[in-house]
Enquirer: 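Mind having a look at this structure? Questions to follow.
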Amino acid sequence: RWGSVGIFGPLAVHPQHWRGGVGRQLLDAMMPTYERWQCSAAALFTFPSSLTHVGLYQRYGFWPRNLTALMSRPVTVPSPVPQARSLTAMGAAEQHDAIAPCAALTDRLYPGLDLRDEIALVVAHPTSDAIVLTEGSAIAGFVICHCGAASEADTGMAYAKFAAARPGPNASRDFQRLLD
């Protein structure tokens with residue numbers, strides 16, 4: 001749950017249980033949760049090339065709309081970006097002061113979108129982090145990252161689960177700096 005946005009997945013089912021109704025049971029349990037959370041939008045992860053998956057989700061009112069490619073690249077030496085700060089390297093008070101503006105930024109992009117809980121989970125995990133990009137005293141963007149084994153990324157890979165740059169004329173430049 002990212003504020004008023006509900007996300008289902010990623011999900012994995014053991015092959016011996018494929019076509020056994022597990023996905024349907026999970027969706028039957030999840031749909032009332034979206035309502036209880038009062039989500040203004042709901043999304044899910046799936047293989048868009050699988051007619052079986054797409055057909056299942058369409059029965060619950062999900063239709064292909066914005067398909068996002070999951071892309072990866074090997075971890076390399078980072079490019080130095082002096083204005084980029086790791087939340088795990090900050091103290092608790094400084095983290096708190098950095099996370100609140102991230103919620104304000106995402107709310108500007110989509111009203112109700114709030115990743116504060118996701119950021120807190122990532123910061124607490126030893127193989128993950130959130131990076132904030134500052135410009136003066138303001139947050140110009142942030143990225144939620146996973147890296148390596150025991151994270152949401154594959155071994156030797158970095159996975160930027162979510163990234164956002166402040167809207168405006170420097171958004172493209174700031175987003176590239178986040179990736180760096």
Side-chain angles (χ1 to χ4, degrees), residues 1-11 30 33-46 62 65-73 75-154 157-180:
R1 177 178 166 189
W2 292 350
S4 65
V5 178
I7 310 284
F8 184 77
L11 165 70
M30 188 63 217
T33 303
Y34 286 140
E35 290 176 30
R36 190 174 69 250
W37 288 345
Q38 299 179 334
C39 292
S40 62
L44 54 82
F45 288 83
T46 192
F62 291 95
R65 186 174 155 204
N66 298 321
L67 301 178
T68 303
L70 294 181
M71 301 165 57
S72 64
R73 72 176 194 188
V75 177
T76 59
V77 176
S79 304
V81 178
Q83 299 85 3
R85 304 258 338 263
S86 161
L87 285 179
T88 60
M90 296 178 185
E94 195 176 14
Q95 278 181 7
H96 181 269
D97 291 345
I99 292 171
C102 293
L105 188 157
T106 55
D107 190 65
R108 284 181 64 193
L109 299 173
Y110 183 89
L113 181 60
D114 184 349
L115 282 91
R116 284 180 287 192
D117 291 343
E118 183 78 20
I119 293 169
L121 288 170
V122 166
V123 169
H125 197 277
T127 62
S128 304
D129 203 350
I131 309 296
V132 293
L133 182 64
T134 59
E135 193 166 286
S137 61
I139 299 292
F142 72 98
V143 60
I144 297 173
C145 306
H146 296 267
C147 186
S151 77
E152 292 185 32
D154 289 334
M157 295 287 172
Y159 170 41
K161 185 171 185 176
F162 185 92
R166 183 178 51 206
N170 296 326
S172 179
R173 178 202 69 183
D174 291 340
F175 195 81
Q176 182 60 52
R177 290 167 55 213
L178 282 170
L179 295 179
D180 288 344

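Please read all numbers here as calculations on a predicted model, not as lab measurements. For the single chain, residues carry numbers from 1 onward in sequence order.
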Enquirer: How close do Ala171 and Ala165 get, counting heavy atoms only, and between which atoms?
Expert: O-CB, 3.6 Å

Enquirer: SG/Cys102 to CD1/Ile139 distance, rounded to the nearest 0.5 angstrom?
Expert: 5.0 Å

Enquirer: Counting C-beta onward and ignoring hydrogens, is there a side-chain heavy-atom pair between Glu135 and Asp174 closer than 4.5 Å?
Expert: yes

Enquirer: Can you see which heavy atom on Ala103 is nearest to which on Asp114, and at what distance?
Expert: CB-OD1, 3.6 Å

Enquirer: Is any side-chain heavy atom of Leu44 closer than 4.5 Å to a side-chain heavy atom of Met30?
Expert: no

Enquirer: Is the backbone N or O of Val123 less than 3.5 Å from a side-chain atom of Thr88, with the two atoms forming a donor-acceptor pair by type?
Expert: no

Enquirer: Measure across Tyr34 and Ala43 and return the closest heavy-atom pair with its distance rounded to 0.1 Å.
Expert: OH-O, 3.5 Å

Enquirer: Taking atom NE2 of His96 as the centre, does the number of heavy atoms from other residues, nucleotides or ligands within less than 6.0 Å exceed 12?
Expert: no

Enquirer: Does Leu113 offer a backbone N or O that forms a donor-acceptor pair with the side chain of Thr106 under 3.5 Å?
Expert: yes

Enquirer: Would you give the length of the straight line joining atom CD of Gln38 to atom CZ of Arg1, rounded to the nearest 0.5 angstrom?
Expert: 8.5 Å

Enquirer: If you take all heavy atoms of Leu133 and Ala84, which pair is closest and at what distance?
Expert: CD1-N, 4.0 Å

Enquirer: Of the non-hydrogen atoms in Leu178 and Gly141, which two are nearest, and what is the gap between them?
Expert: CD2-C, 3.9 Å

Enquirer: Report yes or no: does Asp107 contribute a side-chain atom to a donor-acceptor pair with the main-chain N or O of Gly112 at less than 3.5 Å?
Expert: yes

Enquirer: SG/Cys145 to OH/Tyr159 distance, rounded to the nearest 0.5 angstrom?
Expert: 11.0 Å

Enquirer: For Gln95 and Leu87, indicate whether the former's side chain and the latter's backbone hold a donor-acceptor pair under 3.5 Å.
Expert: yes

Enquirer: Is the shortest heavy-atom distance from the side chain of Phe45 to the side chain of Ile7 under 4.5 Å?
Expert: yes

Enquirer: Distance from Thr127 atom OG1 to Glu152 atom CD, nearest 0.5 Å?
Expert: 9.0 Å

Enquirer: Before giving the answer on side chain to side chain contact (heavy atoms under 4.5 Å, CB included), spell out for Arg36 and Thr33 the whole-Å C-alpha distance, their side-chain angles and the decisive distance to 0.1 Å.
Expert: CA-CA 5 Å; Arg36 190 174 69 250; Thr33 303; 3.7 Å; yes

Enquirer: Can you find a pair of side-chain heavy atoms, one from Phe62 and one from Phe8, that are under 4.5 Å apart?
Expert: no

Enquirer: Taking all heavy atoms of Ser4 and all of Pro111, pick out the closest pair and write down the distance.
Expert: OG-O, 3.5 Å

Enquirer: If you measure from the Lys or Arg side-chain nitrogens to the Asp or Glu carboxylate oxygens, is any gap between Asp180 and Arg177 under 4.0 Å?
Expert: no

Enquirer: Backbone N or O of Ser86 within a donor-acceptor pair of the Asp129 side chain at under 3.5 Å?
Expert: no

Enquirer: Carefully, step by step, assess His146 and His125 under the rule side chain to side chain contact (heavy atoms under 4.5 Å, CB included).
Expert: CA-CA 9 Å; His146 296 267; His125 197 277; 5.8 Å; no

Enquirer: Quick one: pull up CD1 in Ile99 and CD in Glu94 and give me the separation to the nearest 0.5 Å.
Expert: 11.0 Å

Enquirer: Roughly how far, to the nearest 0.5 Å, is the CD1 atom of Ile119 from the CZ atom of Arg116?
Expert: 9.0 Å

Enquirer: Does Ser40 reach the side chain of Tyr110, with side-chain heavy atoms less than 4.5 Å apart?
Expert: yes

